[in-house]
Structure formats: C-alpha cells, structure tokens
Amino acid sequence: LQSGSNRILRAMRRRGTVASYLATISAARRAIPGLVLTTDIIVGFPGETDADFQASLDLVRELNCAHVHIFPFSPRPGTPAATLPHQVPPPVK
C-alpha cells in the first residue's frame, strides 16, 4: 500500500488508489476466510502533509492488518523521488 493518500500514491507513481486497494482487500478477505494481511507504509515522502500522514494512519486503522511496517522515506540517488521538491525534514519523519 505504502500510503493512505491518493495524492502521495500518485507522487510515488503507484498505479492503485486507496479505493482500489480497499476493494482488492475486501474481495480477498471474502474469498479467503482468516486471511492475514500485512503492509508497508512510507512516511515522509516528499510533499507529504499532516493531512496525508493522517490519511495513512486512518487507513492503517481501518485495514486492521496483522502487521504494519512503517519506515521513513530515504532518498536514493538517481531516483526521481530523490530530487522532488518539498523533502520532509528527518525530525518530522
């Protein structure tokens, strides 16, 4: 999933939306009783606002995953995200 904000998912160049993820998860849970889900969330992606962070937090609570791995965005040289404006300062991440 990586973010609960459609705006941040687009910035990450992800193809899915929050709604498409929710639909897929709902279908999987109906099809597989007892399904255990985990997810990764990236916080502090360039341009992420408090509202974007809150959307991710709200979605994590809604999904009720067995495990959530949350990690701060770290720019990797040579990637588009490394040069995006509005990098989030490390203490905020």
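On a predicted model such as this, the values are computed, not experimentally measured, just so you know. Values below: all heavy atoms of this structure, side chains included; hydrogens, waters and symmetry mates excluded.
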Close side-chain approach of Glu48 to Ile42, heavy-atom, < 4.5 Å:
no
To the nearest 0.5 Å, atom OG1 of Thr49 lies from atom CD1 of Ile8 at 6.5 Å
Quick check: do Leu59 and Tyr21 have side-chain heavy atoms less than 4.5 Å from each other?
no
Mind checking the OG1-CD spacing from Thr39 to Gln2? Nearest 0.5 Å is all I need.
7.5 Å
May I ask you to test the Leu22-Glu62 pair for a side-chain heavy-atom distance under 4.5 Å?
yes
Please tell me whether Ile25 and Ile41 are part of a single hydrophobic cluster in this structure, the criterion being side-chain heavy atoms less than 4.5 Å apart.
yes
Val68 versus Thr38: any side-chain heavy-atom pair under 4.5 Å?
no
Between Ala55 and Gly4 the two heavy atoms that sit nearest each other are CB-O, 3.5 Å
For residues Phe71 and Asp40, determine if any side-chain heavy atom of one lies less than 4.5 Å from a side-chain heavy atom of the other.
yes
Do Val88 and Leu57 sit in the same hydrophobic cluster, where Ile, Leu, Val, Met, Phe, Trp and Tyr count as joined when their side-chain heavy atoms come under 4.5 Å apart?
no
To the nearest 0.5 Å, what is the distance between NE2 on His86 and CZ on Phe45?
12.5 Å
Which pair of heavy atoms, one from Ala82 and one from Gln87, lies closest together, and at what distance?
O-NE2, 3.5 Å
State the CG-CG distance between Leu63 and Leu1, to the nearest 0.5 angstrom.
6.5 Å
Would you indicate whether Phe53, at its atom CZ, is surrounded by more than 12 heavy atoms from other residues, nucleotides or ligands within a distance under 6.0 Å?
no
Are the side chain of Lys93 and the backbone of Val43 linked by a donor-acceptor contact shorter than 3.5 Å?
no
Scan side-chain atoms only and decide if Asp58 and Gln54 contain a donor-acceptor pair under the 3.5 Å cut-off.
yes
Any idea which heavy atoms bring Pro46 and Pro85 closest together, and the distance?
CB-O, 3.6 Å
Given side chains that start at C-beta, do those of Pro80 and Arg13 come closer than 4.5 Å, heavy atoms only?
yes
Between the main-chain N or O of Thr24 and the side-chain N or O of Arg29, is there a donor-acceptor pair closer than 3.5 Å?
no
Calculate, to the nearest 0.5 Å, the distance between atoms OG and CE belonging to Ser5 and Met12 respectively.
8.5 Å
When rounded to the nearest 0.5 Å, the distance separating OG of Ser3 from CG of Asp52 is 6.5 Å
When you group the ILVMFWY residues by side-chain heavy-atom contacts below 4.5 Å and let the links chain together, are Val18 and Leu37 in the same group?
yes
Same apolar cluster: Val60 and Leu35, side chain cutoff 4.5 Å
yes
